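Take a look at the structure below.
So that the names make sense, note that chain A is the first sequence line, chain B the second, and so on, each numbered from 1. These numbers were taken from a predicted model, which means no experiment stands behind them.
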Amino acid sequence: MTDFCKLVNMPENDKQGLSVVTCTAPVNIAVIKYWGKRDEDLILPINSSLSVTLHQDQLKTTTTVACSRNFQQDRIWLNGKEEDINNPRLQSCLQEIRRFSRKRRNTGDSTSDASSVSHKVHICSVNNFPTAAGLASSASGYACLVYTLSQLFGVESEQLSAVARQGSGSACRSLYGGFVQWKLGTQLDGKDSLAEQVESESYWPELRVLILVVSAEQKSVGSTSGMHTSVETSQLLKYRADVVVPSRMEEMIRVIRERDFPAFGELTMKDSNQFHAICLDTYPPIFYLNNMSHRIISLVHRYNQYYGETRVAYTFDAGPNAVIYTLQDHLPEFVQVVRHFFPPEVNGEEFVKGLTVCSADLSEELKRDINMEPTPKGIRYIISTKAGPGPCVVKDPNHHLLGADGLPKKSAISH
Amino acid sequence: MPENDKQGLSVVTCTAPVNIAVIKYWGKRDEDLILPINSSLSVTLHQDQLKTTTTVACSRNFQQDRIWLNGKEEDINNPRLQSCLQEIRRFSRKRRNTGDSTSDASSVSHKVHICSVNNFPTAAGLASSASGYACLVYTLSQLFGVESEQLSAVARQGSGSACRSLYGGFVQWKLGTQLDGKDSLAEQVESESYWPELRVLILVVSAEQKSVGSTSGMHTSVETSQLLKYRADVVVPSRMEEMIRVIRERDFPAFGELTMKDSNQFHAICLDTYPPIFYLNNMSHRIISLVHRYNQYYGETRVAYTFDAGPNAVIYTLQDHLPEFVQVVRHFFPPEVNGEEFVKGLTVCSADLSEELKRDINMEPTPKGIRYIISTKVIVGLRKPTY
């Protein structure tokens, strides 16, 4: 089935020579984690990784890129604020996309405006989820940027993986929907370190995702420097990358294809824990899991133990928020369990956002068996979502974040 | 010779120390003989601050073996206790059969009453099984006349790390290669007098939730952690060599860094266990953070932490840095006003903290995060038995 979103669409062109394209791209959550580079410039990882792309209805980055001969310089606005266009990662993406575009034109392949790649661009990008949610937005952000630029300049999608990767490693996984692997690659130039889809988002429709947004505490160590320190100092990391992850990647692909949730869940939890173990084996040690994360982990294990099977699985990235995987049949009860043991603020904001979750009753036996003290307001809110597609072009010109003047529309500033 | 009165009652009392590992033991290759998957190395602490005292009485009039721990009678049929009693009696009989003994020929077949107390509270979370079993085994050996070379194996079968409490100073428990565990023994690396400037602080953290016990925890780790085998086979052997070297060179920065790394790796293995085990809590994290920031301020490792299967921190430092670091702890973990004495054990001189240091550490104080501190040092050996 041809993905309509992937059709190359020619940018709007008006008499001022202003081309505008708007696209959206998803967030992805790794179940086999990427942590550590073998090449810092090309952003090549020390191990492969695998993720689930989340649905853009709940979480997405929207990016508008405008290109005009009248623009003096490249500029970028992120979530309403102008940022430094000279950020090396941004520059990397812009240069790479322009290089691919020139190469394409030189092979006579292009039908786009011959001069556009040498024009300057204005970029405006917003997320529909708050930064405070602690969801790494660099993956969706760079994926969206790269995808939008490719639509503008007419670059083929196969080359985008490498470009997105050089913006932010995990961004390459946000270029596809469903279940995506980022292959480690063997070449020194990284040309084979690419993302590819394992299965589409429609392969496992019962799979559901909850993001438990924990009350923000202290600032964490950033991923880039954190993983660098891990590579430098953790003696266990090399063993993880060389021995453990390769076999886990095979197993993960197999259990996804078999739609074996208990095995998928257990492996997901183990890899999350091993990632955080590596952080602890780093010097100085890095702690991303806080007390609330520990309680959530404890809750999941007790819940699964009550039923004698893995019905729910957690995974944590470089922060305290939990991402929970489960099947839709278990969703109402587990959300109720979370509500019970992490009672939200009374008259606070909506506790469950995103996809509707049916209500459910909890048996006294279950509550008694879990046997944990409730932690009021420990979780700020939950986003309920599922697997979703890769990046899309937004056709409606009303949704452009930049106006005809090439500057952010008022509505694009803070959401 | 133990006291012997006309009722045929023999009594011996001994004390034994606590030890804190700097290269950690976590995981067995044999659950019955308590043989570890890797060697470990510890520092034996001074008994003035921390010790177990055990009295063993033996009489033909006793009906059965009995044991009281910290005032409460416990089950003598605990397999580990039984293991120790049987092993000691076996060694004693063997010794008598070789005509070596001058003790009362019938005592090994008499029943014993054992009473044991710690001079530190159980709530302090300091693993007392090491000092407890070391003391029991040592006291029994005095009673029954068993040579000290054989005690390592007996203590080990009570509680693995107990064998390290049979020696003072810096002690290694060698992994061993034999299946019967006869070469899995503790031996002294260097005595206490070797590094007199080394000082130890135990930061007793406010008690929170109950932790997973060591025995079951390490068993689950062996079963489920893929990183543990690599640690045991590759990482620890080279760290043991390095640790012995840095102790012999009295190289505190290297000793401190290696100690912290091994503590962290032990807890990393716990996290890589399934289900994961969390011994470090929020307070432990803050203490770790404080140590790194303090060392960073001075541009060298002056203070090192290590954590066992619980949230309490054991801090190693040199006596020159002790007063300032204790003051730093007092500043960032202000104790209860009018609460119990904050620093127990060896006296620590007062010290002033510069504003620059406090500012640079840049942490929010955590009132009452630490209940109290025990200040101690390394000890040379077991106290002679008293009669």
Side-chain angles (χ1 to χ4, degrees), chain A residues 217-221 230 233-245 247-248 265-305 310 313-314 316 320 371-373, chain B residues 208-212 221 224-236 238-239 256-296 301 304-305 307 311 362-364:
Chain A
E217 268 174 36
Q218 61 268 35
K219 190 175 120 120
S220 296
V221 175
S230 289
T233 63
S234 165
Q235 289 181 259
L236 300 178
L237 181 50
K238 193 173 183 337
Y239 182 77
R240 162 177 168 75
D242 295 345
V243 178
V244 182
V245 172
S247 80
R248 283 185 172 182
E266 185 170 313
L267 188 54
T268 294
M269 290 188 276
K270 285 179 169 177
D271 211 69
S272 175
N273 292 339
Q274 193 171 90
F275 155 54
H276 292 281
I278 296 299
C279 290
L280 201 29
D281 188 53
T282 297
Y283 189 78
I286 300 169
F287 303 103
Y288 286 125
L289 302 179
N290 65 14
N291 191 42
M292 212 55 59
S293 321
H294 293 174
R295 286 178 194 262
I296 291 167
I297 286 171
S298 202
L299 179 66
V300 170
H301 282 286
R302 289 170 193 236
Y303 182 80
N304 288 333
Q305 194 167 340
T310 302
Y314 53 77
F316 293 81
N371 192 25
M372 275 173 61
E373 275 304 303
Chain B
E208 269 176 35
Q209 61 267 36
K210 193 176 121 123
S211 297
V212 175
S221 289
T224 62
S225 165
Q226 289 181 259
L227 300 178
L228 181 50
K229 195 173 181 339
Y230 183 77
R231 162 177 168 75
D233 295 345
V234 178
V235 182
V236 172
S238 81
R239 283 184 173 182
E257 185 171 312
L258 189 54
T259 293
M260 290 188 274
K261 284 179 170 178
D262 211 68
S263 175
N264 292 339
Q265 194 172 89
F266 156 53
H267 292 281
I269 296 299
C270 290
L271 200 29
D272 188 51
T273 297
Y274 189 79
I277 300 169
F278 302 103
Y279 286 126
L280 302 179
N281 65 14
N282 191 43
M283 212 54 60
S284 319
H285 293 174
R286 286 176 194 261
I287 291 168
I288 286 171
S289 203
L290 179 66
V291 170
H292 282 286
R293 290 170 192 234
Y294 182 80
N295 288 334
Q296 193 166 343
T301 302
Y305 54 76
F307 293 81
N362 192 26
M363 277 174 60
E364 276 302 305

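Closest non-hydrogen pair, E364(B) versus R286(B), comes out as O-NH1, 4.1 Å.
Partners of S284(B) by side-chain contact (heavy atoms from CB on, under 4.5 Å), not counting sequence neighbours, listed by chain and number: L280(B), N281(B), F307(B), P311(B).
Both the backbone and the side chain of E257(B) come within contact range of chain A, with heavy atoms under 4.5 Å apart. With a 4.5 angstrom heavy-atom cutoff, I288(B) touches chain A only via side-chain atoms. If you measure heavy-atom distances from R239(B) to chain A, the contacts under 4.5 Å come from the side chain alone.
Between chain B and the options T233(A), V243(A), V244(A), D271(A), the largest number of non-hydrogen pairs under 4.5 Å is found for V244(A).
The structure places CE of M363(B) at 5.0 Å from CG of L290(B), a figure rounded to the nearest 0.5 Å. Rounded to the nearest 0.5 Å, atoms OG (S298(A)) and CD (Q305(A)) are 10.0 Å apart. For the atom pair CZ (R240(A)) and OG (S234(A)), the distance works out to 10.0 Å, reported to the nearest 0.5 Å.
Taking the six-membered ring where the residue is Trp, H301(A) and Y314(A) present perpendicular rings, their angle passing 60° and hence far from 30°.
Residues of residues 277-287 of chain A placed with any heavy atom under 4.5 Å of a heavy atom in chain B are listed by number as A277(A), I278(A), L280(A), D281(A), T282(A), Y283(A), P284(A), P285(A), F287(A).
Proximity of a side-chain donor or acceptor of R293(B) to a complementary backbone N or O of N362(B) within less than 3.5 Å is detected.
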